[in-house]
Participant: 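Please find one structure pasted underneath; my questions will follow.
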Amino acid sequence: MTTATLHDGTPIAYEIHGSGPAVLLPVDPMPKEGARAEELRRWGMDPALGRTLADGLGDAFQVIAFDYEGHRMRHPAAALTPDHLAADLLAVADAAGAGRFAYYGYSWLALAGLQLALRTDRLAALAMGGFPPLGGPYAQMLRVTAAAHAMAQRPKTPAGSGGGGEYDWSSVEIAADGAQTAQFLGLYQALAGFDEAAAQGRIGCPRLCFAGSADVIPYGPEWGGRDRRHGRSPDPRPRPSGGGGLAGPGPGRPRPHRRHAARRGPARAQALADRGVRGLRPLPGPASAAHRSSSW
């Protein structure tokens, strides 16, 4: 097994698919099987999505695929700061022998890519899905993750499986434990004063962002009483409301969120990611009702 050593000394496995310019792809390259695969299908997810992305880009790129989110859920970091995120991603690139590389991430892993771009000159291209480079929901994520951390301390009740319909988020039990949620709470606390506008001038590589136009998740009072949105088109112009979309499926939220957010157009999202990494330009023609993309 080929591994890289992360900032906290834990080893993470990675796979290399194809050849050509390097692309760092933090996805699980191992397809899910059995009951886990059926659960993902009920929520509209492809159980082999990570492998599909890796294989789809492998015809023209050297894809370095690794399950960073899964690793952090299995091995929570004592502290997970933006510097730690960048160090971990660079450690994988170093282990794989990638001097210069493109990066694609979705949700909080898109956020990680933005922080990486601010800390290295080795990034050839950046594709962000489900988390905008401007108007990002940092304050909202801090509230939601703080609520998730508090909920993680409570005794658990058995969680029901999703049926593929709209989900009542006010009734969800958090599935993560305190160590898992604490690392992400620390991450959003560290980003509380992040100046997105000032950061843009420090990123010189080609960039693309895409987000769903219909992905709205209403949280009840226990989660901060806020609607969380992927769906605003990622527009680099400042907006009075702060703009922004929802940080999509990611840690600190209930497990069904992952399925709910992804079922609205995984094929379109995959096409955008593919095109984004290949050319870092939006797809031609008008933005679809399902997903919008933007180079910024």
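Residue numbers run from 1 in the order of the sequence given.
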Participant: Working to the nearest 0.5 Å, report the span between CG of L187 and OG1 of T81.
Facilitator: 8.0 Å
Participant: Can any side-chain N or O of T145 pair as donor or acceptor with the backbone N or O of M141 at less than 3.5 Å?
Facilitator: yes
Participant: Would you say R202's side chain and A198's backbone share a donor-acceptor pair under 3.5 angstrom?
Facilitator: no
Participant: Please report the closest heavy-atom contact between P26 and G105, naming both atoms and the distance.
Facilitator: CG-CA, 4.5 Å
Participant: Specify the closest pair of heavy atoms between P82 and L191, including all atoms of both residues, with the distance to one decimal.
Facilitator: CG-CD2, 3.6 Å
Participant: Parallel, tilted or perpendicular: which describes the rings of Y138 and F194, with under 30° parallel and over 60° perpendicular?
Facilitator: perpendicular
Participant: Is there a salt bridge (Lys or Arg N to Asp or Glu O under 4.0 Å) between D94 and R122 once you walk through the steps?
Facilitator: CA-CA 11 Å; D94 290 343; R122 294 165 57 183; 2.8 Å; yes
Participant: So which heavy atom on R119 is nearest to which on Q115, and how close?
Facilitator: NH1-OE1, 2.8 Å
Participant: Here's a test for you: under side-chain contact (heavy atoms from CB on, under 4.5 Å), which of L109, L111, L90, L114 qualifies with L85?
Facilitator: L111
Participant: Please step through ring-ring contact (aromatic ring centres under 6.0 Å, His included) for the pair F101 and F61, ending with a clear verdict.
Facilitator: CA-CA 10 Å; F101 55 91; F61 296 92; over 10 Å; no
Participant: Taking I16's backbone N and O only, do any of them form a donor-acceptor pair with Q62's side chain (distance below 3.5 Å, no angle check)?
Facilitator: no
Participant: Students often mix this up, so state it plainly: with edges at 30° and 60°, are the rings of F66 and Y68 parallel, tilted or perpendicular?
Facilitator: perpendicular
Participant: Donor-acceptor check, side chain of H84 to backbone of A79, threshold 3.5 angstrom: yes or no?
Facilitator: yes
Participant: Determine whether a donor-acceptor pair (N or O, by modelled atom type, separation under 3.5 Å) exists between the side chain of T120 and the backbone of L116.
Facilitator: no
Participant: Between CG of L123 and CZ of R100, what distance do you get to the nearest 0.5 Å?
Facilitator: 7.5 Å
Participant: Can you see which heavy atom on A179 is nearest to which on P76, and at what distance?
Facilitator: O-CB, 3.5 Å
Participant: In sequence, state the C-alpha distance, the side-chain angles, and the governing distance for R72 and E69, and then conclude on salt bridge (Lys or Arg N to Asp or Glu O under 4.0 Å).
Facilitator: CA-CA 5 Å; R72 281 292 160 229; E69 179 176 329; over 6 Å; no
